[in-house]
Amino acid sequence: MGVAHEKQPHVSSVVRATAATLAALEGHGLIRRTPDPGDGRRRLVTLTEAGRTRIEGGRTRIEGGRQVREEWPAHALQERCVEEERATVLQAPALLERLTWP
């Protein structure tokens, strides 16, 4: 098998993941996809006003200081996850290290 063939599964999974991400962003009203007038096979992706607002809010939060960046994961875990899920997330780094180091 050639090199191009070996790369194909990775490329197709990236394309699928990108398409899913764009669909989710569009579903939340953060982007708009429109046909490219110069090439019917392509789509143009633009931010909506809601998308711009979301990005600006994120920049403000990040620029607001290191403390916000450090507290966000803990706050999100507490608000959005049950205890079992939090335990799983806390175990993930050790599991990933075992997978990636011989």
Side-chain angles (χ1 to χ4, degrees):
M1 298 201 176
V3 174
H5 183 68
E6 291 171 8
K7 289 183 179 181
Q8 189 59 36
H10 173 71
V11 171
S12 64
S13 65
V14 169
V15 170
R16 283 193 303 272
T18 302
T21 300
L22 290 173
L25 291 170
E26 188 172 38
H28 288 290
L30 301 175
I31 65 165
R32 181 178 312 106
R33 293 187 285 182
T34 56
D36 182 336
D39 184 347
R41 299 168 294 175
R42 296 172 53 168
R43 308 269 293 171
L44 301 176
V45 178
T46 55
L47 281 172
T48 62
E49 189 59 39
R52 282 187 190 85
T53 300
R54 192 73 171 269
I55 286 174
E56 289 304 317
R59 284 186 186 147
T60 301
R61 187 170 61 184
I62 290 169
E63 291 167 3
R66 183 181 180 102
Q67 183 178 4
V68 173
R69 289 192 303 267
E70 291 174 352
E71 290 177 0
W72 174 82
H75 179 73
L77 281 171
Q78 191 66 35
E79 292 288 318
R80 300 178 187 172
C81 299
V82 297
E83 186 61 37
E84 184 178 298
E85 292 168 325
R86 287 191 290 272
T88 300
V89 169
L90 293 174
Q91 292 171 2
L95 294 172
L96 291 170
E97 186 173 338
R98 283 185 18 215
L99 289 171
T100 58
W101 288 95

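One-based numbering along the sequence shown. If you're wondering where the values come from, they're calculated on a predicted model, not measured in any experiment.
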Mind checking what makes side chain to side chain contact (heavy atoms under 4.5 Å, CB included) contact with Arg42, not counting sequence neighbours?
Asp36, Asp39
Taking only distance into account, with no hydrogens and no angle test, what donor-acceptor pairs under 3.5 Å do side-chain atoms of residues 27-35 form with protein atoms, sequence neighbours excluded?
from	atom 1	to	atom 2	distance (Å)
Arg33	NE	Glu26	OE1	3.0
Arg33	NH2	Glu26	OE1	2.8

Do you reckon Leu44 sits in the same ILVMFWY cluster as Leu25, going by side-chain contacts under 4.5 Å, direct or chained?
no
Could you give the distance from CZ (Arg52) to CD (Glu49), rounded to the nearest 0.5 Å?
6.0 Å
I would like to know whether Glu85 and Thr88 meet side-chain contact (heavy atoms from CB on, under 4.5 Å); could you show each step before the answer?
CA-CA 5 Å; Glu85 292 168 325; Thr88 300; 5.5 Å; no
